[in-house]
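These values consider heavy atoms only, across backbone and side chains, with no hydrogens, waters or symmetry-generated copies.
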Amino acid sequence: MKYSIPDSVIDEVRDRTDIVEVISQFVTLKKVGKNFKGLCPFHSEKTPSFTVSSEKRIYHCFGCGAGGNVFKFVIETQNISFIDAVRQFADSAGISIPQPNADNLNNPLYKEREALKKANELAANYYHSLLHDSEAGLAAQDYLKGRYFTGEILDKYNIGWASPGWRGLINHFHKIGTLSRKTVLQSGLVIEKEDGSNVYDRFRGRVIFPIKDLYGSVIGFGGRAIANKDNPKYLNSPETTLYQKSQTLFGMDMAKQAIRKEDQAILVEGYFDQMRATQFGILNTVAVCGTALTPKQAGILRNYASSVVLVFDSDKAGRSAAEKGFEVLHEKGLQVKIVFLPEGKDPDSYIQENGADNFIEKIKTAKPYLESYIDTMVAG
């Protein structure tokens, strides 16, 4: 694929971008002589063999052979295109770059990703506006108020509301008129009938959680039913070229810097759990997106911290999830601790009822997972 960005501009962007600073957002680096070393984000290792040269503006892993410049690093770790990588760093460096040429714009994958980003952003804003509607959003407002979430935290996450109607979002897209039917279907925001005769909204009568990538772009959605009759209780977007559940952690875009600062991530199971922790200032918290913890998610966490505290339910399902989570995290070389909350409590309800200080104390006194496991076996 050809690019309209001149080589001179690409070189300038690369020269004005601190590769150590960029990679430090994903890998914990320590200065060793002229270079910096850390655990490789591209394969599992316990002894650092990943080296970054500030002078040469390159990285190289002596374990798996991965290497390249700052553009290649973000392309491979964040699944973005070359032109998106250049744009990202050009913006930070205050460098103007030409628009992509016709060849780029006609590239199917590039076009699809850009169109999906636009659809998701439009949908997120639509859902958020409905939540603030004094009539249409009243049921959701009462529900969230009953769970003690403030307007500030709801706005911070751009939380929304999908009305119970079958075609609310579809009609909104029609009014805008800038999205193709193909894009709307690819986004997973609407569902087509088997005979292709009609389409309807995927999310109806649900509180909407925009799911974002590490840079804050909306890549998918989670929906929570507020009526007991509606099943399933949680519904997520299907996977797209933007959104893969196995590679996504809810709240990671907000939590990444705090995780790096604390050198520790707190891993919870639900969207509300993560939001409650953030609302109370516990900023190094992330949640899985409706799936069991995966090696790719563990790899993301390892790029930011050396330890993870699992905060799961104390019931049988929670203990099973903790055991599987430990295995995945341990395989990535992470230290794993565990907190089991009182029966019937999750981080959301526990923090709300007992305060952040008590929750933080539980985090501080969390036992290593294996020690907790042995204690449980002995007690049994």
Side-chain angles (χ1 to χ4, degrees), residues 19-30 36-52 59-68 70-80 85 211-217 219-220 239-269 274 284-312 321-338 369:
I19 189 172
V20 174
E21 180 180 345
V22 171
I23 295 180
S24 289
Q25 296 180 40
F26 305 90
V27 179
T28 301
L29 297 175
K30 293 184 179 180
F36 294 80
K37 295 190 72 173
L39 295 172
C40 179
F42 303 108
H43 80 286
S44 296
E45 62 177 6
K46 295 184 178 179
T47 303
S49 59
F50 182 80
T51 302
V52 183
Y59 66 91
H60 180 76
C61 176
F62 292 93
C64 68
V70 68
F71 299 134
K72 186 175 180 183
F73 181 84
V74 296
I75 288 169
E76 295 191 352
T77 56
Q78 300 308 305
N79 192 30
I80 64 175
I211 299 171
K212 301 179 180 180
D213 63 15
L214 285 170
Y215 297 106
S217 296
I219 57 175
E239 298 203 340
T240 67
T241 55
L242 290 180
Y243 175 52
Q244 291 87 41
K245 293 179 185 179
S246 65
Q247 301 178 32
T248 307
L249 289 163
F250 180 74
M252 191 68 190
D253 58 308
M254 296 184 186
K256 60 185 181 183
Q257 296 305 332
I259 291 173
R260 179 172 299 285
K261 181 179 178 181
E262 299 290 336
D263 194 29
Q264 183 180 77
I266 301 171
L267 185 64
V268 297
E269 294 183 278
Q274 196 278 337
N284 58 324
T285 307
V286 292
V288 292
C289 290
T291 182
L293 186 71
T294 68
K296 289 183 179 179
Q297 290 169 329
I300 293 172
L301 293 173
R302 190 197 62 180
N303 290 341
Y304 287 87
S306 62
S307 68
V308 176
V309 180
L310 301 174
V311 188
F312 287 174
E323 182 176 348
K324 293 175 182 176
F326 165 74
E327 292 172 357
V328 172
L329 293 165
H330 181 69
E331 182 68 24
K332 290 293 183 179
L334 285 155
Q335 301 171 31
V336 186
K337 295 182 178 181
I338 184 75
Y369 178 82

Distance in Å, Tyr243 OH paired with Ser217 OG, rounded so as to fall on 0.5 Å steps: 15.0 Å

Approximate separation, where rounding is to 0.5 Å, of Phe250 CZ and Thr285 OG1: 11.5 Å

Can you tell me how far the CG atom of Leu293 sits from the CD atom of Glu269, to the nearest 0.5 Å? 10.5 Å

Are the side chain of Gln274 and the backbone of Val268 linked by a donor-acceptor contact shorter than 3.5 Å? no

If I compare all heavy atoms of Gly38 with all of Glu45, which pair ends up nearest, and what's the gap? O-OE2, 3.7 Å

What is the distance from atom CD of Gln257 to atom CD of Gln25, rounded to the nearest 0.5 Å? 6.0 Å

Going by ring-ring contact (aromatic ring centres under 6.0 Å, His included), name the residues that satisfy it together with His330, two or more places apart in sequence or in a different chain. Phe326

According to the interplanar angle, ranging from 0 to 90°, do the rings of Phe50 and Phe73 count as parallel (below 30°), tilted (30 to 60°) or perpendicular (above 60°)? tilted

Results of side chain to side chain donor-acceptor pair (under 3.5 Å) for Gln247 - residues two or more places apart only: none

Verify side chain to side chain contact (heavy atoms under 4.5 Å, CB included) between Arg260 and Thr28, making sure each step is shown before the conclusion. CA-CA 8 Å; Arg260 179 172 299 285; Thr28 301; 3.6 Å; yes

Nearest 0.5 Å, please: how far is CG in Leu301 from NZ in Lys332? 11.0 Å

With a 6.0 Å cut-off (strictly less than), is the heavy-atom count around CD of Glu331, excluding the residue itself, greater than 12? no

Nearest heavy atoms of Ser307 and Leu334, plus distance in Å: N-CD2, 3.9 Å

Criterion side chain to side chain contact (heavy atoms under 4.5 Å, CB included) on Ile300 and Val286, from CA distance to verdict: CA-CA 11 Å; Ile300 293 172; Val286 292; over 6 Å; no

When every non-hydrogen atom of Ala322 is compared with those of Ile338, the smallest separation belongs to CB-CD1, 3.7 Å

Would a distance-only check, ignoring hydrogens and angles, find a side-chain to backbone donor-acceptor pair under 3.5 Å from Gln297 to Leu249? no

Is a side-chain N or O of Asp263 found less than 3.5 angstrom from the main chain of Ser306, in a donor-acceptor match? yes

How far apart are the C-alpha atoms of Lys30 and Lys37, what are their side-chain angles, what is the distance that settles it, and do they pass the side chain to side chain contact (heavy atoms under 4.5 Å, CB included) test? CA-CA 5 Å; Lys30 293 184 179 180; Lys37 295 190 72 173; 5.8 Å; no

Donor-acceptor pair, distance only, cut-off 3.5 Å: does the side chain of Lys256 make one with the backbone of Leu214? yes

If every non-hydrogen atom of Arg302 is compared with every non-hydrogen atom of Ser44, which pair is closest and at what distance? NH1-CA, 3.4 Å

What one should report as the nearest heavy-atom pair of Ile75 and Ala85 is CG1-CB, 4.2 Å

Do the non-hydrogen side-chain atoms of Thr77 and Phe42 ever get within less than 4.5 Å of each other? yes

Please report the interatomic distance CG(Asp213) to OG1(Thr248), rounded to the nearest 0.5 Å. 8.5 Å

Could you pull out the closest heavy-atom pair between Cys64 and Cys61, with the gap in Å? N-SG, 3.3 Å

For the pair Gln335 (side chain) and Gln264 (backbone), establish whether a donor and an acceptor sit closer than 3.5 Å, ignoring hydrogens and angles. no

Heavy-atom donor-acceptor pair, Lys72 side chain to Gly67 backbone, under 3.5 Å: yes

Using the rule side chain to side chain contact (heavy atoms under 4.5 Å, CB included), only one of Ile266, Val309, Val311 pairs with Lys337; which is it? Val309

